[in-house]
Amino acid sequence: MNYYLQTLVDGIAQGSIYALMAIGFAMIMGILGLVTFTHGEVIMIGAFAGFYALTFLKTGIFVALVAGFAAAWILGLVIELICYRRWPKGPDETWLITTIGVSTVLKSGAQIVLGTEQQLVPDVYTGFWTLGGVRILHIQVFMLVVLFILSAGLWLFLKKTRTGLELKAVSMDKTAAALLGVDVRRILVIGNAIGCALCGVSGVLLGVYYNSVHAVMGGSAGLKSFASAVLGGLTSIPGAAIGGILLGIFENVGVLFFSSGWRDVIAFLILIAVLLVRPSGLLGRKGAEKV
Amino acid sequence: MSDVILETRALSKHFGGLKAVDSVDMSVREGTIHGIIGPNGAGKTTFFNLLTGLIEVTRGAVLFGGRDITGIPPERVAGIGMSRTFQNIKLFRFMTVLDNVKVGFHTRTKTGLLGAVVRNAAFRADETFVAEQGLELLDFVGLRKQAYNLAANLSYGTQRRLEIARALATDPKVLLLDEPAAGMNPSEKSEVMELIRKISSLGRTIVVIEHDMKLIMNLCDVITVLNQGLKICEGTPAEVRNDPDVISAYLGHARGA
């Protein structure tokens, strides 16, 4: 029994990282109305920013999270400039292709600049509690708290601010929003930056939780965030959070029954299963998606 | 006689060889209700899209209050005092009715992100202003009771009324209505007609595209008739009703005529 409870705890903890990246993904998708491919690389850059803060600057985890947030935010601004702003006239799919290009450049560039070998990330919060035979790491609780604070912040931002309202408006109908005087370009920049920044934070947590960062970690991370978002309903932010946690649990249960080699396969299987059974996801809005 | 507020000069939109809007001259006088009618595919909605900068003008000019606004980006249309509704309703479906209207107030409030974060006095004043004005506006169109419902859950006719309210939130001098009564039953239609009259009586200029002849004839001061992208007639409802070109556009040519 403890064995299963332990799996559940580990799954939720891991899922909290996926949830964070999926929220970022859902945010960007909602604003752009398109799937983008730079996602995994944004997570990777965030992870490295956190890693360098922890190792070279010897900062604490909080500064590392801020570093990941800031680096990914800036990268988000750059991506917007290169991938979206320069191509206003082309068909929507242009953005899809430009993000594939930038993703490749980032991945290869990171291997040249940051090296191809795995880097060891120092431990943060090594302690744990034992509750009825189930071990709960301090870092696991910490990750959940980070997820909670950031989602609450995002929720307040969307609910209480004018810009938040405009973000929602743009994600539902760009034309109507523009004709009401909403500066769609500005909203796109902000929404994209926020989405990227959340991914940056998830990257830092990913590095800290697994004690490693490497230049090609974005591939699998991007897939996980996509699978989580699809599971939750693509552009639904609460859906993405739930989808991420569920994916974490499924993965750990899967590993329990098969082996750890199956970890990434499970994300793919879930992706396929959701698209077959319920393409609009758990909290998706039927007929509202542009994808 | 009142001044011309919205004017087009030889306004044209060509899609390849298709002349969707072809050299249309139209003058809308301030304070009037100006109707645009024409058979399906006459270019009415394309004409609205040209006015609001949603598509590029091929040739000609749009003047608003005497100022050339040809090719203005959609984001700036509300700022100069023009707002519109859409034939295929374009509400923010998963927002509340009140929030839909609130987005429209964007052009009228100034506090930015910083104000929202620190929640200073100016921000709170703006928020109160928007909430009060929003509810008042919903009252005006008869939607106050549904203020906190999702827009997607409203009935079709109610959605059209909400779209009008949202357009009014930008405080437009000219309101463009694209088939505001489409798909409505007779009682809903007469309600919309009343609403349009009410908006007009408050001094706003209205340009309305509509298929329902009874509605347009009763409502409009001036009617412009488009057919295959060309303006074929303009005048009072009585003049338009008896124009032979209009009759043939709608009913076809009489044999031997």
Side-chain angles (χ1 to χ4, degrees), chain A residues 26 29-31 33 73 85 88-90 152-191 193-194 197 233-239 280-281 283-290, chain B residues 48-49 51-56 72-86 88-96 98-117 119 123 126-127 130 134 150-152 163 166-172 176:
Chain A
M29 258 221 46
I31 294 289
W73 179 287
R85 186 173 307 193
K89 288 274 165 63
L154 183 64
W155 184 82
L156 277 175
F157 170 69
L158 290 175
K159 185 105 185 157
K160 296 279 176 194
T161 69
R162 173 96 337 182
T163 307
L165 187 66
E166 286 173 14
L167 267 163
K168 285 193 282 184
V170 168
S171 77
M172 288 178 215
D173 198 316
K174 282 193 186 64
T175 309
L179 281 173
L180 293 169
V182 174
D183 187 344
V184 175
R185 176 63 55 194
R186 174 178 156 267
I187 292 299
L188 214 140
V189 171
I190 295 175
I194 293 174
L234 269 182
T235 57
S236 160
I237 286 171
S280 57
L283 300 184
R285 298 150 172 169
K286 245 182 211 145
E289 258 64 60
K290 295 163 197 143
Chain B
F48 266 18
N49 288 345
L51 294 181
T52 49
L54 291 186
I55 53 175
E56 233 170 290
I72 192 173
E75 283 89 343
R76 289 187 40 216
V77 169
I80 62 162
M82 193 154 57
S83 190
R84 71 173 286 186
T85 66
F86 299 87
N88 48 335
I89 304 171
K90 286 170 89 68
L91 287 172
F92 306 123
R93 291 171 53 77
F94 301 101
M95 272 189 201
T96 64
L98 182 59
D99 277 352
N100 263 275
V101 175
K102 275 187 178 177
V103 177
F105 281 103
H106 168 90
T107 44
R108 293 206 244 164
T109 50
K110 282 171 219 72
T111 41
L113 207 48
L114 189 69
V117 173
R119 304 192 73 81
F123 172 78
D126 264 355
E127 284 299 290
V130 166
L150 276 192
E163 225 192 3
R166 189 181 65 177
L168 285 175
T170 65
D171 193 19
L176 310 175

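Order of the sequence lines fixes the chain letters, A, B, ..., with proteins taken first and strands second; residue numbering starts at 1 for each chain.
- Between A:L179 and B:F86, the closest heavy-atom pair is CD1-CZ, 3.4 Å.
- The distance from the CG atom of A:L165 to the CG atom of B:D99 is 5.0 Å, given to the nearest 0.5 Å.
- Considering every non-hydrogen atom in both A:A169 and B:M95, the closest pair reads N-CE, 3.2 Å.
- Rounded to the nearest 0.5 angstrom, B:E75 CD and A:K174 NZ are separated by 11.5 Å.
- To the nearest 0.5 angstrom, B:I89 atom CD1 is 12.0 Å from A:D173 atom CG.
- The candidate with the highest count of non-hydrogen atom pairs below 4.5 Å against chain A, out of B:K102, B:M82, B:R76, B:K90, is B:K90.
- For B:R84, the part sitting under 4.5 Å from any heavy atom of chain A is the side chain, from C-beta outward, and nothing else.
- Closest non-hydrogen pair, B:A78 versus A:G181, comes out as CB-N, 3.8 Å.
- B:F94 CZ to A:K168 NZ: the interatomic distance, rounded to the nearest 0.5 Å, is 13.0 Å.
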